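Please read the structure below before turning to the comments.
It should be emphasised that the depicted structure is a prediction, and the values quoted were computed from it without experimental measurement. Only heavy atoms go into these numbers, but all of them, side chains included; no hydrogens, no water, no symmetry mates.
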Amino acid sequence: DIPSDKGENETTEKSTEVADTADEPQEEEKTEETAAAGDDKDGKPVMDKADADEPGTKEPPAKRQATDAAKDEACKEDGDTGTKADSGKGAGEADAQAPLEKKADIPDNVIEEGRIYFFYRPKVETEDPKSIDDLQRLFFILSPTSREGPLRMLAVGKKRMPKSTGHERFFGFVNAVDKSMDTLVEGLASNSYETKTKGTRTTPAARVAAEGVYSICNSNSGGNSGSGGNGGAGTTHLSYKLELPQEPGPVQAELGIAAAASLVLSIKNPDTPNPGPNAGLGNKAEFPKEKMEQFGNCRWIGCRDPELLDYPRCEFLLVGAGEDKHATEHLQQLLESDVVKALHAAEKGSGGAEDDEEAALLAKLRAELHPQKADLPTEPVQDGQWE
């Protein structure tokens, strides 16, 4: 079920300095045909098909089921869905930007909050995408403001976000990590490369699809599905609320980007073998020893330590979980504070009164992303329409 854009060029493995490695020039036409299906430049699979399937669509071999069941049981006995990490410096330092202004204290269960930005990249030679079928990949950037840490660009395997209802399960991975927003955005710019049979091929620039605020928070309901919980060991949720577009349109609807949503966020143990020859990242995340200890014998743990997302090639699973009312209320407070701040900045910049909220928010978005530096179109985030 992993999207396979046959005939398109896409890889996903490189360094933390480049946001979208899907666009490296390829010497062999074979790479252009296979990479978009999730292969790295060495032909190794980079998408975990079994994990990306919705529940019940794949059945692993009996031997693996027994092994996995044993590991899951061990996790339950330990009550370990991801022990809280020791405090310390992450994989990089945060990009310099003003933190979200908080009118209310951060709830105790919120372990990280910040800004979230959604992007979609069209397929090779597709300058005028009209639907998800014309897209190569969906990305979102998490820019933490509640702690010092790098910005991360995450790729979603099915080119859309899972629905909050219905418990859809989508696999993804951390595509790039950097302290600079400009570096990540530049990796989403248009790129041309040469092929032997088709000559020059061009991957269009990514489009800005949505922007808002997010929080990563722990749930202490031990009996929750997927927690493997024991008492206080619960799940971890990634919740977000959009700021732009103010009224989501066809683009956001087709990409599964809701006005507000909450998703269960789990991290995959990189020592877990891939479920098959065509599943899993070719090169796994390289966590330090103290991070690896959090996994124990578990295949998956809740993201109770957000610093796990600071490492490239970290594999994760998003599961639809409905809307978290408490998280939404807190995010709404952040948005309201953000709007006031944006209007004040617009008024100060214009030297007079400014009450155009949408224009002020768009100005703030451009100041944060600098999309013009990479020629990223922003029309979808303004009106929610396909180009």
Determine, step by step, whether S215 and S239 satisfy the side chain to side chain donor-acceptor pair (under 3.5 Å) criterion, reporting the C-alpha distance in whole Å, the side-chain angles of both residues, the deciding distance to 0.1 Å, and the verdict. CA-CA 5 Å; S215 66; S239 301; 4.6 Å; no
Are Q246 and E357 close enough, and set up right, to give a side chain to side chain donor-acceptor pair (under 3.5 Å), and what steps lead you there? CA-CA 10 Å; Q246 293 186 313; E357 181 177 309; 2.8 Å; yes
Could you state the interatomic distance from CG (L376) to CG (L369), rounded to the nearest 0.5 Å? 8.0 Å
Run E368 and Y117 through side chain to side chain donor-acceptor pair (under 3.5 Å) and show every step you take. CA-CA 10 Å; E368 293 168 354; Y117 309 88; 2.7 Å; yes
Got a donor-acceptor contact below 3.5 angstrom from the S180 side chain to the D182 backbone? yes
Donor-acceptor pair, E254 side chain versus V251 backbone, under 3.5 Å? no
Under-4.0 Å salt bridge between E112 and R147: yes
Between A155 and F316, the two heavy atoms sitting closest are O-CZ, 3.7 Å
Once rounded to the nearest 0.5 Å, what's the spacing between atom CD1 of I301 and atom CD1 of I267? 7.0 Å
Taking everything shown except D108 itself, do over 12 heavy atoms lie less than 6.0 Å from its CG? no
Among R152, E113, E307, which residue satisfies the side-chain contact (heavy atoms from CB on, under 4.5 Å) criterion with P144? R152
Got a second to check how far K284's NZ is from F173's CZ, nearest 0.5 Å? 11.5 Å
Least distance between heavy atoms, A209 atom then Y120 atom: CB-CD2, 3.8 Å
Provide the closest heavy-atom pair for W300 versus E315 in the form atom of the first, atom of the second, distance. CZ3-O, 4.4 Å
Side chain D134, main chain K130, donor-acceptor under 3.5 Å: yes
Report the C-alpha separation of L188 and E186 in whole Å, then their side-chain angles, then the decisive distance to 0.1 Å, and conclude whether the side chain to side chain contact (heavy atoms under 4.5 Å, CB included) test is met. CA-CA 5 Å; L188 294 173; E186 286 169 6; over 6 Å; no
Between K268 and R299 (side chain of the first, backbone of the second, donor and acceptor by atom type, cut-off under 3.5 Å), is there such a pair? no
Under 3.5 Å, is there a donor-acceptor pair between the side chain of S337 and the main chain of L334? no
Checking the side chain of R121 only, and the main-chain atoms of F119 only, is there a donor and an acceptor separated by less than 3.5 Å? no
Report yes or no: does T126 contribute a side-chain atom to a donor-acceptor pair with the main-chain N or O of P129 at less than 3.5 Å? no
Going by distance alone, is a donor N or O of one side chain under 3.5 Å from an acceptor N or O of the other, for Q332 and E336? yes
Heavy atoms of P204 and R207 approach each other most closely as CB-NH1, 3.8 Å
Identify whether the distance between the nearest side-chain nitrogen and carboxylate oxygen of D338 and R115 falls below 4.0 Å. yes
Step by step, work out the side chain to side chain contact (heavy atoms under 4.5 Å, CB included) result for M161 and V156. CA-CA 7 Å; M161 299 295 285; V156 182; 3.9 Å; yes
Please report the shortest heavy-atom distance between P380 and Q252, naming the atom on each side. O-NE2, 3.2 Å
Just verifying a value: how many Å separate L238 CG and C303 SG, rounded to the nearest 0.5 Å? 9.0 Å
Single hit among N218, D305, N109 for side chain to side chain donor-acceptor pair (under 3.5 Å) with T236: N218
Nearest heavy-atom pair of L335 and L242: which atoms, and what distance? CD1-O, 3.5 Å
Ignoring hydrogens and geometry, is there a side-chain-to-backbone donor-acceptor pair from E168 to K163 under 3.5 Å? yes
Heavy atoms of other groups near E379 CD, more than 12 under 6.0 Å: yes
Flag the pair L361 / V339 as yes when at least one side-chain heavy-atom distance between them is below 4.5 Å, and no otherwise. yes
Salt bridge or not between K364 and E211? Use side-chain N to carboxylate O under 4.0 Å. yes
Mind checking the NE2-CZ spacing from H370 to R366? Nearest 0.5 Å is all I need. 12.0 Å
At what distance, to the nearest 0.5 angstrom, does CG of L365 lie from CD of Q382? 8.5 Å
Applying side chain to side chain contact (heavy atoms under 4.5 Å, CB included) to R169 and L317, what does each step give before you reach the verdict? CA-CA 7 Å; R169 298 156 46 94; L317 192 69; 3.9 Å; yes
Go through the steps for M181 and I141 under the test side chain to side chain contact (heavy atoms under 4.5 Å, CB included), then give the verdict. CA-CA 9 Å; M181 178 68 79; I141 290 178; 4.0 Å; yes
Can you say whether the rings of F118 and F140 are parallel (under 30°), tilted (30 to 60°) or perpendicular (over 60°)? tilted
Just by modelled atom types, is the T202 backbone N or O under 3.5 Å from a matching donor or acceptor in the E125 side chain? yes
Any donor-acceptor N/O pair, K158 side chain to G172 backbone, under 3.5 Å: no
